[in-house]
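Below, chain A is the first sequence line, B the second, and so on; all start at residue 1.
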There are 2 protein chains.
Amino acid sequence: MKIDPSSPKDLSAQIAQAIRDAIVAGKLIVDARLPSETELSDQFNVSRSTVREALKRLAAQSLIRTQRGATGGAFVNRLTFEDAQAMHVTTSTLLLSMNDVSFTQACEARYALERACAVMACTRRESSHLEKMKAELGHQAQDELSDEAFCASDVAFHRALVDSASNPVLSYQLAGAVEAMQPLMNMITFTARSRVKILMLHGNIVDALEQRDPSAVKDSLDLLESYTQALAEDLIVARPSG
Amino acid sequence: MKIDPSSPKDLSAQIAQAIRDAIVAGKLIVDARLPSETELSDQFNVSRSTVREALKRLAAQSLIRTQRGATGGAFVNRLTFEDAQAMHVTTSTLLLSMNDVSFTQACEARYALERACAVMACTRRESSHLEKMKAELGHQAQDELSDEAFCASDVAFHRALVDSASNPVLSYQLAGAVEAMQPLMNMITFTARSRVKILMLHGNIVDALEQRDPSAVKDSLDLLESYTQALAEDLIVARPSG
DNA sequence: CAGACATTAATTGTCTGACATATGAAAATC
DNA sequence: GATTTTCATATGTCAGACAATTAATGTCTG
């Protein structure tokens with residue numbers, strides 16, 4: 001692991017990259033302990049502060065964890081699906097909010113991915129998944145729900161749908177797409193009538209899943225997508241200024 | 001933005017979180033300049049080193065960029081699809097390598113997502129996409145290619161397929177799934193015979209896309225998935241120890 | 001001997017102050 | 001007016017110190 005002091009990049013960035021490469025290449029395996037900060041500063045011939053900045057960069061990516069005390073130090077972290085998913089959601093949310101992606105485009109991507117799960121979910125879904133979805137339906141039927149709460153339940157419903165495909169890799173990949181949509185969905189004002197319609201469409205999805213009917217699931221998702229897009233369309237027409 | 005000195009979390013982690021929250025909430029917009037490190041250390045009542053560690057954490061997530069000099073400082077970064085995609089690929093790759101995810105599971109997720117693009121690609125694909133895919137086919141036909149190079153071309157082919165759906169949100173989401181598979185694919189030894197077969201299946205996909213035939217694209221992808229899974233199956237049988 | 005308690009050593013977390021380096025803007029000079 | 005110099009400001013790096021945490025070790029006591 002070599003460092004170039006004349007590189008345009010910060011020393012701490014170079015050191016972080018060197019350690020990251022070692023992890024990706026498998027030279028540092030999970031739970032392996034890195035040399036202490038003092039040892040690293042000797043190896044790289046930089047100050048301890050610089051090493052620490054490098055380690056903080058890696059910690060921000062959940063690549064390492066640190067522990068104080070006698071047997072402490074920095075350890076290669078096992079990246080869990082949970083951690084990765086949380087990072088993915090944050091990144092996706094910011095990506096959408098910072099790049100004025102059209103609602104149409106984001107929505108299209110989301111439903112395209114969800115449809116991909118639908119077929120698998122039909123063969124794999126268990127009763128617990130259906131119960132989770134039905135619980136969310138019950139929640140969405142409450143009149144006094146705020147728009148935000150309605151959207152949050154909507155996200156939970158779709159997360160359950162994705163999870164019912166019983167493939168954690170798929171769930172992880174789709175979490176970003178589904179959850180990152182929430183801020184955009186929150187912009188929609190759901191009237192009582194639109195809520196009833198969405199509830200009905202959600203019900204169709206659950207029914208189709210219950211009967212393990214892939215094409216019915218696909219059709220219900222298509223309808224829901226069209227309706228969501230139409231609601232967003234109305235929003236743009238109603239508020240052309242903002 | 002408040003900091004709790006008695007919290008179990010590091011001060012630098014708390015400060016990073018506070019600034020991150022401000023960015024996500026839109027209180028700090030793109031290209032906004034953060035207070036200088038000295039000002040931040042006064043505001044949070046911590047030392048400059050602690051502030052710097054917090055800023056490095058944010059920089060590691062591409063949330064800010066820093067610039068030296070008189071008018072320099074830390075600025076809120078516009079997260080580009082390119083940045084987000086690179087981060088997603090790194091995370092996904094590590095996630096798969098650290099959690100002994102089965103080839104079957106990862107492969108299944110990948111093809112499920114690709115199928116989702118297929119329908120859209122049929123209506124949206126442009127000739128440039130087809131040309132890119134055909135170029136990769138030509139590449140894959142070369143006998144002297146190493147297994148690694150063959151896999152790399154395979155990834156490029158599938159990336160082109162995903163991109164031909166012309167939805168950047170979709171491309172971003174799928175890049176992780178497709179590219180993270182490469183290390184797993186690299187474990188497969190591609191015989192001359194299996195290469196010919198894969199080449200043929202890839203050809204079928206391109207043909208179906210050219211004719212804008214969604215069900216034909218889907219069928220070719222199904223065949224390719226089955227064949228890939230079968231190759232992996234052979235690998236496990238042939239090398240049960242490793 | 002067993003358990004409670006104190007000591008110690010190792011390690012990260014934080015602070016302080018200094019200097020190096022980069023860079024735009026203002027001032028001085030031609 | 002154009003060019004050069006100076007300067008102020010900001011991040012990048014370094015060095016050294018102390019605080020806080022924690023496991024291992026040593027010590028005392030019953």
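Residue B:T66 is in sugar-phosphate contact alone, with no base atom involved, counting any heavy-atom pair closer than 4.0 Å across all strands shown. Within the nucleic acid shown, A:R33 comes within 4.0 Å of sugar-phosphate atoms alone, with no base atom in reach, counting heavy atoms only.
Nucleotides of DNA chain D that come within less than 4.0 Å of any heavy atom of chain A span, from the 5' end to the 3' end, D:dG12 to D:dA23.
Taking the six-membered ring where tryptophan is involved, the planes of A:Y172 and A:H88 are tilted, since the angle between them lies from 30° to 60°.
By the 4.0 Å N-to-carboxylate-O rule, A:R110 lies close enough to A:D154 to be salt-bridged with it. A salt bridge does not link B:R65 to B:D83: none of the charged nitrogens lies less than 4.0 Å from a carboxylate oxygen.
Note that the CE atom of A:M181 and the CG atom of A:L96 stand 8.0 Å from one another [nearest 0.5 Å].
One can place CD of A:E39 at 13 Å from C1' of C:dT12, the figure rounded to the nearest angstrom. One atom, CD of B:E53, and another, P of C:dG13, lie 7 Å apart when rounded to the nearest Å. One atom, CZ of A:R48, and another, C1' of C:dG13, lie 7 Å apart when rounded to the nearest Å. Per the geometry, CG belonging to A:L40 stands 13 Å off P belonging to C:dG13, to the nearest Å.
Remark: the backbone N or O of B:V89 is paired with a side-chain donor or acceptor of B:T93 at under 3.5 angstrom. B:Q105 places no side-chain N or O within 3.5 Å of a backbone atom of A:V169 that could act as its donor or acceptor partner. Proximity of a side-chain donor or acceptor of B:E37 to a complementary backbone N or O of B:V51 within less than 3.5 Å is not detected.
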(request) Run the numbers on A:E108 and B:L170 for side-chain contact (heavy atoms from CB on, under 4.5 Å), then give the verdict. (result) CA-CA 8 Å; A:E108 176 182 272; B:L170 206 50; 5.9 Å; no

If you restrict it to nitrogen or oxygen atoms, what contacts under 3.5 Å exist between nucleotides 21-23 of chain C and the protein, and what is each distance?
from	atom 1	to	atom 2	distance (Å)
C:dT21	O3'	B:R68	NH2	3.3
C:dT23	O2	B:A70	N	3.0

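Dashed line: the shortest gap from a side-chain N or O of A:K56 to OP1 or OP2 of C:dG13 is under 4.0 Å. Within the structure, a side-chain polar atom (N or O) of A:R52 is placed less than 4.0 Å from OP1 or OP2 of C:dG13.
Checking each of B:E114, B:E179, B:E136 against B:R159 for a salt bridge (Lys or Arg N to Asp or Glu O under 4.0 Å) leaves exactly one that passes, namely B:E179.
Between A:A74 and A:S49, the residue anchored nearer the 5' end of DNA chain C, judged by the nucleotide with its closest heavy atom, is A:A74.
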